[in-house]
Amino acid sequence: MWSLYKEVQNYYETGALHAPDDITLLWAEDNNGNIRRLPTAEERKRSGGAGIYYHFDYHGGPTDYRWVNTSPISRVWDQMSLAKQYSADRIWIVNVGKFKNIEFATDYFLNLGWDSRRWTNDTMREYTRLWAAREFGPVHADEIADIMTLYTKFNGRRKPERLATSTYSVANYNEAETVADDYNALASRADALSMLLPKDQQDAFYELVLFPVKACANLNEMYVAGAKNELYAQQGRVSANDFADMARRDYANDAALMKHYNTEFVGGKWDHFQDDVHIGYTSWAEPRTPSMAQIHLTSVPATNPPALGVAVENSAAAWPGGEGEPILPRFNSIAQQRRYIDVFNRGTGAVQYTATPSDPWIVLSAVRGSVAKEERLWVTIDWSKARQGAALGSVKIAQGDTAVNVKVDAISAADVTRDTLTGFVEDDGVVSIEPEHYSSKTDVGDLKWIRVEDYGRTLSAMRGQGPVDFGPLAPPQGSPRLEYKTYFFTSGEATVYNVLAPNLAFMPGRNLRFAVSIDDQTPAMVMGVPTTIVAAASPRNGNEWEKNVMDEARIVSAKVQIPSTGYHTLKVWMVDPGITLQKIFMDLGGLKPSYLGPPESYYKPLRLSQAKPSQR
């Protein structure tokens, strides 16, 4: 066997070294779960065959990751099923590092290699439930499996060592809060479940499930608290100080969790297994000691008299004094959103405020209050009172002579209601789509889009599937497609962003592409993964491979034309193998920066997402 690891692959590719035909070529991935190369048709004829060297743990760029499991089994399937299809199946090796916390991923890797026909794109949940039943019995298997699936998905969004206060947006889409809340809720579920298990199962449950869930929930909360401290201090909120305290508390909790695991858990049996430093990275290498130096905490003087502050959803500014005018994201009569206004104190004591809507169709969760730190007002629309078409109003937040007028923009569709909608609806200049929620799916013989259960940073993924070396296809002729019917309030040019898996172009000299279109317009070709992206370390100056690996995704885009308001259909066409689509969002002028992209837009399916696909 010859391991084509890192620079050794270059020796083979350039012809500098040759292997006898009976030597197995062990192709290495990029140390972060993305296969760099698979055998060509000619290489598949070699008597020695080929294999894969994979990683669940790594010491190297763009950063180390050695602390806990960050490899969702759906990601493993996506890459290793391609390896199987392209005959890189003579031997599979996985680097598991210290092994502890990686048992589940290792178990899956070995079983997938043993029987790749049994474990498919839609059996992730089944595998996890069977694993949980084997380890802990059938009574709580479903709950344990769900916790394991979500914890590895959350870690699969971005490895803990690569988190920063800037990872998730505090201002936009309620993203950072949602990430922290979801992880904390998962930790609470794991805590509650641990109390129900027999005593002889609790140690195993702690090591395999409870410890990593609690530790990662605490870590995510620490970074989100640090991010809130930074933004809220800029806005002058006195509550910024509370989030600084929370970040420091979480940092201390992290140290306590590591100490407990090393020295107290099962009498210190696994001492030093939680010595890996996972906080404070400034380069690829693990820091010598953990540090909060990269979380730049600040404070707001709590000596001023009470003073009104106002912030609105999807804006980092605060008023009075902020740039521009405060305006809530647009409401529409189909999605019937709930938006928020934060009323906060910039001093000591309490702010006495009133909230007054300009029109009866604007409904507030409170019309007055006393705020020592901050309070969130929820705004909804009474659509029975809103006039047809566009409506403009405001909410006046006042403290004595100080007032902030927050604009409210609402639009009522004339031809579609919440009940009659089919497909998606635009939300304030954005349409966000989970790919498995297609309106229809068209297969072409053995060529098809398949759902990869639980793969991706949010829900699941759709992957182009077909015979080995198929294509390139030339849509619309002979190309399978996914269709997403959408109701638009905005027309004109739109940018379609496609969140792909961070895969590499694994066929020598061949870029991996797909195409998008609106209605019957000519499909626009999209460069999914070019061969110019290679797994190579470099300074962090925009290197695409490093960014894709850090983000656990690659985002590519194309321009399309929305010819008019009303219904239109986005189509995604297959061109080359290896495209795994995690999420789609369309920007019609309202997109805000975020890590995960906008939450999925309101939609009503034409049929169940797993309905029988059409054939042709």
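Position 1 is the first residue of the sequence, and the numbers go up from there.
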Near [X] [atom1], under 6.0 Å, is it more than 12 heavy atoms from other residues, nucleotides or ligands?
| X | atom1 | value |
| --- | --- | --- |
| Glu325 | CD | no |
| Glu323 | CD | no |
| Arg368 | CZ | no |

Main-chain N/O of Leu219 paired with Glu221 side-chain donor or acceptor, under 3.5 Å
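No, because the side chain of Glu221 does not come within donor-acceptor range (under 3.5 Å) of the backbone of Leu219.
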Would you say the side-chain atoms of Asn95 pair up with the backbone N or O of Tyr54, donor to acceptor, closer than 3.5 Å?
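No: the side chain of Asn95 does not pair with the backbone of Tyr54.
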Do the side chains of [Y] and [X] get nearer than 4.5 Å, heavy atoms only?
| X | Y | result |
| --- | --- | --- |
| Phe104 | Ile73 | yes |
| Asp342 | Arg237 | yes |
| Ser365 | Glu375 | no |
| Leu364 | Val379 | yes |
| Leu591 | Tyr497 | yes |
| Asn69 | Tyr151 | yes |
| Ser169 | Tyr595 | no |
| Leu257 | Gln274 | no |

Report yes or no: do [X] and [Y] form a side-chain donor-acceptor pair below 3.5 Å?
| X | Y | value |
| --- | --- | --- |
| Glu600 | Ser432 | no |
| Asn503 | Asp78 | yes |
| Tyr353 | Asn345 | no |
| Asp30 | Trp545 | yes |

Is it true that [X] and [Y] make a salt bridge, defined as a side-chain N closer than 4.0 Å to a carboxylate O?
| X | Y | result |
| --- | --- | --- |
| Lys98 | Asp57 | no |
| Asp203 | Lys269 | no |
| Arg162 | Glu546 | no |
| Glu143 | Arg189 | yes |
| Lys159 | Glu552 | yes |
| Arg330 | Asp409 | yes |

Quick one: does NZ or CZ of Arg158 land under 6.0 Å from the six-membered ring centre of Tyr168, within 45 degrees of the ring axis?
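So Arg158 doesn't make the cation-pi contact.
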Shortest non-hydrogen separation from [X] to [Y] and the atoms involved:
| X | Y | value |
| --- | --- | --- |
| Leu297 | Gly226 | CD2-CA, 3.9 Å |
| Val300 | Ala240 | CG2-CB, 3.9 Å |
| Arg288 | Val277 | O-CG2, 3.9 Å |
| Arg75 | Tyr455 | CD-OH, 3.1 Å |
| Pro326 | Val404 | CG-CG1, 3.8 Å |
| His55 | Ser71 | O-OG, 4.4 Å |

Salt bridge (Lys or Arg N to Asp or Glu O under 4.0 Å) between Arg376 and Glu177, worked out
CA-CA 13 Å; Arg376 181 155 289 180; Glu177 279 189 23; 3.4 Å; yes
Please walk me through it: do Leu377 and Ile397 pass side chain to side chain contact (heavy atoms under 4.5 Å, CB included)?
CA-CA 10 Å; Leu377 296 183; Ile397 311 293; 3.9 Å; yes
Name of the residue among Tyr65, Trp67, Tyr183 meeting side chain to side chain donor-acceptor pair (under 3.5 Å) with Asn155
Tyr183
Nearest 0.5 Å please: distance from the [atom1] atom of [X] over to the [atom2] atom of [Y].
| X | Y | atom1 | atom2 | answer |
| --- | --- | --- | --- | --- |
| Glu436 | Thr458 | CD | OG1 | 9.5 Å |
| Leu193 | Ile144 | CG | CD1 | 5.0 Å |
| Phe154 | Leu186 | CZ | CG | 6.0 Å |

Given ring-ring contact (aromatic ring centres under 6.0 Å, His included), test Phe205 with Phe136 step by step and report yes or no.
CA-CA 8 Å; Phe205 183 79; Phe136 301 104; 5.8 Å; yes
Under the criterion side-chain hydrogen bond (donor to acceptor under 3.5 Å, both in side chains), I'd like the reasoning laid out for Thr63 against Glu161: C-alpha separation, chi angles, the key distance, then a yes or no.
CA-CA 7 Å; Thr63 71; Glu161 293 88 343; 5.9 Å; no
Sort and list the pairs that fulfil ring-ring contact (aromatic ring centres under 6.0 Å, His included) and have at least one residue in residues 215-236, not counting sequence neighbours.
Tyr232-Phe243
Parallel, tilted or perpendicular for Tyr261 and Phe265, by the 30°/60° rule?
tilted
Salt bridge (Lys or Arg N to Asp or Glu O under 4.0 Å) evaluation trace for Glu207 with Lys100:
CA-CA 8 Å; Glu207 189 266 319; Lys100 299 306 291 179; 3.5 Å; yes
